[in-house]
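Small disclaimer: the values here were computed from a predicted structure and weren't measured.
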Amino acid sequence: MTFQLLRTDSSSQARAGLISTDHGQIETPIFMPVGTAGTVKGIHFEELRNEVRAQIILGNTYHLYLRPGLDTLRRAGGLHRFNTWDRPILTDSGGFQVFSLTGIRKLREEGCEFRSHIDGSKHVFTPENVMDTQRVIGADIVMAFDECPPGKSDRRYARDSLMLTQRWLDRCMKRFGETEPLYGHRQTLFPIVQGCTYRDLRQEAAKYVADRLPMLGGGAAIGGLAVGEPTEVMYEMIEVVNDILPKDRPRYLMGVGTPQNLLEGIERGVDMFDCVMPTRNGRNALLFTYEGTMNMRNKKWEDCFDPIDPDGPTTSRVHTRAYLHHLFKAQELLAMQIASLQNLNFYLRLVGDARRHILAGDFMQWKQGIVQQLGRRL
């Protein structure tokens with residue numbers, strides 16, 4: 001993987017860049033639709049390519065490991081061939097999912113023992129076998145195995161967790177260096193910066209990661225945010241970390257967030273984002289547009305025959321708000337599909353527009369003009 005920094009905004013840390021992988025290029029800043037189990041919920045890949053214009057999607061190690069399983073993925077030739085997505089893929093290490101299994105996991109130095117949420121079977125993730133698993137999945141960008149501590153962890157727990165994550169990172173790097181890709185394309189390992197909301201721990205974590213990036217050749221992720229801390233604290237932690245991470249490597253903010261979060265993250269130098277919010281909210285009738293958000297179950301849309309979004313994907317341009325309201329009231333599956341497609345298209349339009357304004361030199365003026373209206377409820 002290579003990263004070319006094309007321009008940095010003169011009045012902020014916003015950046016426009018270009019990531020190149022063996023499966024194609026990624027224009028940053030970028031939003032990555034979440035395809036947890038090998039699919040973005042309710043959206044066909046042709047729609048992802050042509051309507052959403054997604055350049056990269058996510059898969060999740062924990063879910064793919066459990067189902068369909070590594071034997072199936074290996075026989076298929078990796079996730080790209082299994083699901084027919086021919087563009088870049090990033091896989092989360094599964095750390096967040098494993099550590100969310102409160103009461104059915106045991107954490108120790110070697111790794112984490114957990115029980116499947118599907119059938120209760122017992123499994124163990126270690127830094128080594130998580131690297132092996134991501135080799136089998138075959139993503140272009142793979143994540144180091146880390147502990148994602150609770151957002152309100154006390155300082156002692158946060159520090160102990162960070163030390164464990166750093167030891168695990170070194171084990172991930174060793175194993176990754178000892179193994180080779182399985183399917184003829186190169187893979188890149190991203191470490192994850194943790195440290196909760198403690199400024200000095202975030203600084204220590206960012207320095208630890210920055211020192212190792214020359215050996216890895218890729219970028220770095222910022223994890224453990226948007227997990228309950230105040231939004232202002234999240235933004236502060238992004239600034240602290242990005243002041244230390246090298247400017248010539250891409251920065252990935254994990255699991256964030258709202259359209260406003262994306263713009264604030266871009267202003268602070270973040271290049272890559274992912275979140276389930278566009279599809280999850282879409283399935284629950286909440287739409288994102290440049291005008292603001294719309295709850296399509298509200299009666300006010302019953303007689304509104306305007307297009308869902310005249311600048312959106314084809315389905316949003318040809319169908320009316322009244323029709324989508326009807327579909328949600330009738331509990332039709334098409335409602336969730338149209339809404340998810342609208343939201344993903346909007347997120348990709350938003351980061352694409354941000355990129356164009358960074359390149360044009362007026363990002364902050366553009367951002368200040370739209371950030372408030374994005375949160376309006378129509």
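- When hydrophobic side chains of Ile, Leu, Val, Met, Phe, Trp and Tyr are connected at separations under 4.5 Å, L201 ends up clustered with L162, M163, Y198.
- If you take CG on L263 and CG on L350, they are separated by 4.5 Å, rounding to the nearest 0.5 Å.
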Starting from the C-alpha separation in whole Å, work towards a yes-or-no answer on side chain to side chain contact (heavy atoms under 4.5 Å, CB included) for I19 and Q25. CA-CA 6 Å; I19 296 172; Q25 294 185 323; over 6 Å; no
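- The two residues R87 and Q55 have their closest heavy-atom pair at CB-O, 3.8 Å.
- Taking 4.0 Å as the cut-off between side-chain N and carboxylate O, E229 and K152 do not count as a salt-bridged pair.
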Yes or no on side chain to side chain contact (heavy atoms under 4.5 Å, CB included) for E267 and Q13, after CA distance, side-chain angles and deciding distance? CA-CA 5 Å; E267 179 184 338; Q13 298 301 311; over 6 Å; no
Stepwise, does the side chain to side chain donor-acceptor pair (under 3.5 Å) test hold for T258 with N261? CA-CA 5 Å; T258 66; N261 292 158; 3.1 Å; yes
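- Here the CD1 atom belonging to I244 is positioned 12.5 Å from the CD atom belonging to E239, to the nearest 0.5 angstrom.
- Scanning both residues, M143 and S93, for their nearest heavy atoms gives O-CB, 3.4 Å.
- At least one side-chain heavy atom of L213 sits less than 4.5 Å from a side-chain heavy atom of P246.
- In the hydrophobic clustering of ILVMFWY residues, with side-chain heavy atoms under 4.5 Å counting as a link, V124 and L70 come out apart.
- Using a 4.5 Å cut-off between side-chain heavy atoms of Ile, Leu, Val, Met, Phe, Trp and Tyr, L324 falls into a hydrophobic cluster with L287, M294, M296, W301, I308, Y323, L327, F328, L333, L334, M336, I338, L378.
- D274 pairs by the salt bridge (Lys or Arg N to Asp or Glu O under 4.0 Å) definition with nothing, not counting sequence neighbours.
- Salt bridge D200/R155: present, at least one basic N to carboxylate O contact under 4.0 Å.
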Would you check, one step at a time, whether the test ring pair (Phe, Tyr, Trp, His ring centres under 6.0 Å) holds for F273 with Y252? CA-CA 6 Å; F273 302 85; Y252 163 32; 8.6 Å; no
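- Listed by chain and number, the residues in a side chain to side chain donor-acceptor pair (under 3.5 Å) with D362 are H357 (sequence neighbours excluded).
- Y347 meets the ring-ring contact (aromatic ring centres under 6.0 Å, His included) test with F31, F288; sequence neighbours excluded.
- Every residue two or more places apart in sequence or in another chain was checked for a side chain to side chain donor-acceptor pair (under 3.5 Å) with R74, and none qualifies.
- Counting heavy-atom neighbours within 6.0 Å of E109 CD, excluding the residue itself, gives a total above 12.
- The nearest pair of heavy atoms linking A339 to G282 is CB-O, 3.2 Å.
- Side-chain contact between M131 and T179: absent, with no pair of heavy atoms (C-beta onward) separated by less than 4.5 Å.
- Ion pairing between a basic and an acidic side chain is recognised when a charged N comes within 4.0 Å of a carboxylate O; E113 and R108 show such pairing.
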If you apply the rule side chain to side chain donor-acceptor pair (under 3.5 Å), what do you find for D22 with Y183, and how did you get there? CA-CA 11 Å; D22 286 351; Y183 309 116; over 6 Å; no
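- Side-chain N/O atoms of E51 and T314 include a donor and acceptor closer than 3.5 Å.
- Not a single ring-ring contact (aromatic ring centres under 6.0 Å, His included) links Y157 to another residue, sequence neighbours left out.
- Take K207 and apply the side chain to side chain donor-acceptor pair (under 3.5 Å) test, not counting sequence neighbours, and it matches D211.
- Applying the side chain to side chain donor-acceptor pair (under 3.5 Å) rule to R7 yields no partners; only residues at least two apart in sequence or on another chain are considered.
- Between A206 and V193, the closest heavy-atom pair is N-CG1, 3.9 Å.
- Identified under the salt bridge (Lys or Arg N to Asp or Glu O under 4.0 Å) test for residues 125-145, with sequence neighbours left out: E128-R171, D132-R175.
- Relative to the six-membered ring of F305, R321 misses at least one condition, a distance below 6.0 Å or an angle of at most 45° to the axis.
- Counting heavy atoms from C-beta outward, T91 and L58 have side chains that stay 4.5 Å or more apart.
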Test D146 against L169 for side chain to side chain contact (heavy atoms under 4.5 Å, CB included), laying out the working first. CA-CA 7 Å; D146 65 328; L169 171 58; over 6 Å; no
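- Counting only heavy atoms from C-beta outward, the side chains of R49 and D86 approach each other to under 4.5 Å.
- By the 6.0 Å contact criterion, CD on Q373 is enclosed, its count of non-hydrogen atoms from other residues, nucleotides or ligands being greater than 12.
- The side-chain heavy atoms of L5 and L18, taken from C-beta on, include no pair separated by under 4.5 Å.
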V52 vs L341, test: side chain to side chain contact (heavy atoms under 4.5 Å, CB included). Steps then yes/no. CA-CA 7 Å; V52 176; L341 193 59; 3.6 Å; yes
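- Heavy-atom neighbours of R280 CZ from other residues, nucleotides or ligands within 6.0 Å: at or below the threshold of 12.
- A 6.0 Å sphere centred on CD of E178 holds more than 12 heavy atoms belonging to other residues, nucleotides or ligands.
- Distance OG/S12 to CD1/I266: 9.5 Å, rounded to 0.5 Å.
- Within the structure, every pair that satisfies the ring pair (Phe, Tyr, Trp, His ring centres under 6.0 Å) test and touches residues 36-57, not counting sequence neighbours, is listed here: F45-W85.
- The minimum heavy-atom distance between N345 and G312, with the atom names listed, is OD1-CA, 3.7 Å.
- Atoms CD1 and CG, on I30 and D271 in that order, are 11.0 Å from each other to the nearest 0.5 Å.
- Listed here is the closest heavy atom pair of F145 and P127: CD2-N, 3.9 Å.
- Take Y62 and apply the ring-ring contact (aromatic ring centres under 6.0 Å, His included) test, not counting sequence neighbours, and it matches F114, H117.
- By the 6.0 Å contact criterion, CD on E180 is open, its count of non-hydrogen atoms from other residues, nucleotides or ligands being 12 or less.
- In R297, the CZ atom is crowded: over 12 heavy atoms of neighbouring residues, nucleotides or ligands sit closer than 6.0 Å.
- Between the CE atom of M272 and the CD1 atom of I222 there is a distance of 11.5 Å, given to the nearest 0.5 Å.
- Salt bridge absent: R317 and D309 never bring a charged side-chain N and a carboxylate O closer than 4.0 Å.
- Contact check for E236 versus E232: no side-chain heavy atoms found under the 4.5 Å cut-off.
- Heavy-atom contacts from other residues, nucleotides or ligands closer than 6.0 Å to CZ of R186 number 12 or fewer.
- With hydrogens and angles left out, the side-chain atoms of E147 and T165 include no donor and acceptor closer than 3.5 Å.
- Of the charged side-chain nitrogens involved, none lies within less than 4.0 Å of a carboxylate oxygen, so that E110 and R167 do not count as a salt-bridged pair.
- Annotation: the span from D160 atom CG to L164 atom CG amounts to 9.0 Å, rounded to 0.5 Å.
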